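Lettering follows sequence order; numbering is per chain, from 1. This structure is a prediction, so every number in the text was calculated from the model and none was measured.
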Amino acid sequence: MACGFYGSRSARSVICPQGGVKHRCRRGPSSDNRLRMTEVRVRFAPSPTGYLHIGGARTALYNWLWARKLGGKLILRIEDTDRERSTEQSVRAIFDSLTWLGLDWDEGPVESSAGGCASRGKSGPYFQTERLPVYNDYVARLIGKGAAYRCYCTKEDLDRARAEHKQKTGNEQGFRYPGTCRERTDQPDLKHVIRLKVPRSGATSWVDRIKGRIEMQNESLQDAVLMRGDGIPLYNLGAAVDDITMGITLVARGDDHVINTPQQILIYQALGVPLPDFAHLPMILAPSGEKLSKRHAAVSVMDYKEQGYLPDGVLNYLARLGWSHGDQEIFTRAELIEKFNWEHVGETGARFDIKKFQYVQANQLRMLPPETLASEVAPFLLKRGLTVAGSDPQLIAAAPLVAPRATTFIDAADALDYFFREPPVFDEKAKAKLLTAEARVQLTDLATVIENVTPFAREALEAAVKAWLEAKGLELKTVAQPARVALTGRAASPGLFEVMEVLGRERSLRRLRA
RNA sequence: GGCCCCAUCGUCUAGCGGUUAGGACACCAGCCUCUCACGUUGGUAACGCGGGUUCAAUUCCCGCUGGGGUCACCA
């Protein structure tokens with residue numbers, strides 16, 4: 001990818017904000033009717049300042065589900081206006097993560113086959129730093145309407161004012177721009193930022209698709225900086241202008257943006273353009289209740305890929321974390337698309353629970369057809385030094401045996417190991433305990449018993465072995481464990497006869513006689 | 001601290017005035033069984049507090065408490 005206007009500095013590990021604010025108003029009337037009239041256009045607008053974390057992935061998922069459910073469009077927009085922190089590597093991480101999850105976008109930047117960066121869709125470009133003329137245009141309009149103004153205050157001026165505020169109130173927080181340049185009439189050609197001219201009275205409100213009606217008094221709002229001194233837009237300007245020019249009909253984003261929404265609405269209103277719907281998703285919390293960070297769990301989407309999770313497992317868990325559909329816990333992708341709605345998105349921050357995640361993931365793993373499980377687990381086998389083709393019939397035969405015993409592909413690969421390693425790795429403890437001289441004699445007999453069983457399949461094997469045991473007055477459990485260790489090297493495995501069947505006659509005999 | 005948001009088992013949640021407050025994860029016990037899982041049966045476990053409104057509040061309103069978010073020329 002050569003979307004490279006970031007230089008090659010490496011990504012810092014920055015946690016994308018996905019904070020939370022909640023409310024308890026009744027939901028507004030659904031605007032499904034209106035949405036049905038016009039094309040639904042939603043967007044996922046990450047900033048490329050680190051890996052894509054699961055909170056961001058959940059936001060992307062909900063947007064994607066909504067677009068797919070209603071036949072709308074999902075736009076991917078890269079909010080790279082923080083030049084300090086944005087990296088090309090992070091852009092790639094966003095692409096890779098979304099692609100792995102299978103969350104495809106209809107418009108936005110795409111990696112071209114040549115390895116460069118192309119653009120798909122007609123409302124691009126989709127990198128904010130490539131849209132500077134658009135922001136200049138809108139700033140001029142806002143100033144023309146009296147909704148924004150040039151502010152010549154320097155950083156030092158503001159720092160001084162902040163210090164005074166702190167001295168006076170004893171509080172570092174709560175400083176607000178005093179409005180020094182608000183009514184300034186001379187417009188010298190000096191370095192300046194652009195600020196939003198927030199009305200001094202009145203209130204700004206909207207009916208959030210998740211949180212219901214939210215209202216804020218304008219006097220509690222700041223004259224936020226819209227554009228830096230260097231002409232690069234800040235979040236509120238970039239988001240509002242892009243959502244307008246890209247025709248976004250529903251803005252669904254993290255709950256930490258509730259506070260920015262009034263300012264953005266003010267921009268829409270000043271411009272006289274229709275408002276989109278807003279949906280603010282509660283944040284994902286750590287088990288302790290604080291903001292989830294990498295101290296608590298793997299938070300990068302790609303970490304889960306490496307740990308052998310399934311995209312559908314991740315998506316299923318993320319969907320259920322904060323959204324529900326009655327008592328259903330396990331969903332296919334198609335069901336998610338069919339059943340998702342904003343009405344059943346919860347208003348409370350949800351704690352990340354790895355156990356529940358694993359449960360959901362394990363269920364998704366078990367739903368895979370043997371062929372798919374085989375081809376997906378093959379790379380994880382390779383990581384253990386076992387070169388097995390994903391299409392290997394023996395692998396496909398073994399896959400269903402380990403599926404109910406595994407949560408991730410890593411578990412599955414581990415459980416598959418002895419089918420493909422010759423000789424198997426022995427659990428020394430189990431070997432010492434169970435493969436006694438006495439047991440070995442018995443295993444030799446067992447080998448003889450199964451030697452000519454035809455077909456060499458589980459039912460026939462079980463019948464033959466049981467008949468032999470009965471004749472000798474023995475119970476299966478007396479030979480099962482030694483046999484298991486001889487065949488698999490372990491004290492725990494799938495059923496003995498299934499294992500023998502997959503191993504085949506030759507190898508089963510060899511291992512029993514070893 | 002200001003502003004904003006939230007509040008049902010430990011966790012994720014169902015509930016949208018009258019329910020034995022349901023499900024799932026986790027946990028405990030039993031069953032199944034060649035081991036380990038899967039599966040299955042049962043169990044422990046919740047409406048934060050105080051006022052209203054109402055014949056009736058988990059549910060509606062207010063306050064309190066608690067938790068969270070946000071107060072940048074970050075997003």
For [N], take OP1 and OP2 only and decide whether either is under 4.0 Å from a side-chain N or O of [X].
X	N	answer
A:K291	B:U70	yes
A:R162	B:C73	yes
A:S324	B:A14	yes

Q. Any chance CD of A:E290 has more than 12 other-residue heavy atoms, nucleotides or ligands included, within less than 6.0 Å?
A.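 Yes - once you tally the heavy atoms of other residues, nucleotides and ligands closer than 6.0 Å, there are more than 12.
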Closest to the [X] side chain, choosing from [options]:
X	options	value
A:A480	B:A75, B:C4, B:C34	B:C34
A:R228	B:U35, B:C73, B:C12	B:C73
A:Y235	B:U13, B:A75, B:C34	B:A75
A:L496	B:G69, B:C34, B:C4	B:C34

Q: Please say whether the positively charged group of A:R209, taken as NZ for Lys or CZ for Arg, lies over the ring of A:F278, i.e. under 6.0 angstrom from the six-membered ring centre and within 45 degrees of the axis.
A: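 No cation-pi geometry.
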**Q.** Check: A:R405 side chain, B:C36 base, donor-acceptor under 3.5 Å
**A.**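 Result: at least one qualifying N/O pair found.
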Q. With no hydrogens and no angle check, do the side chains of A:K433 and A:Q481 hold a donor and an acceptor under 3.5 Å apart?
A.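 No - no donor-acceptor pair under 3.5 Å links their side chains.
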Q) Is the shortest side-chain N to carboxylate O distance from A:D223 to A:R182 below 4.0 Å? A)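 Counted as a salt bridge, because a side-chain N and a carboxylate O are separated by less than 4.0 Å.
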Q: Could you tell me which residues satisfy side chain to side chain contact (heavy atoms under 4.5 Å, CB included) with A:I143, sequence neighbours excluded, listed by chain and number?
A: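 Listed in chain order: A:V139, A:A148, A:I194.
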Q: Return the set of residues passing side chain to side chain contact (heavy atoms under 4.5 Å, CB included) with A:V134 (not counting sequence neighbours), or none when no residue passes.
A: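 If we apply the side chain to side chain contact (heavy atoms under 4.5 Å, CB included) test to A:V134, skipping adjacent residues, the hits are A:R131, A:Y138, A:V241, A:T245.
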Q: Sticking with atom P, work out how far B:C62 lies from B:C4, rounded to a whole angstrom.
A: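 One P to the other, the span is 13 Å.
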Q: Rounded to whole angstrom, note down the C1' distance from B:G69 over to B:C25.
A: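 To the nearest whole Å, 27 Å.
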Q) What one-letter contact string describes nucleotides 21-27 of chain B from 5' to 3', where B marks a base within less than 4.0 Å of any protein heavy atom, S marks contact via sugar-phosphate atoms alone, and - marks no contact? A) -BBBSS-
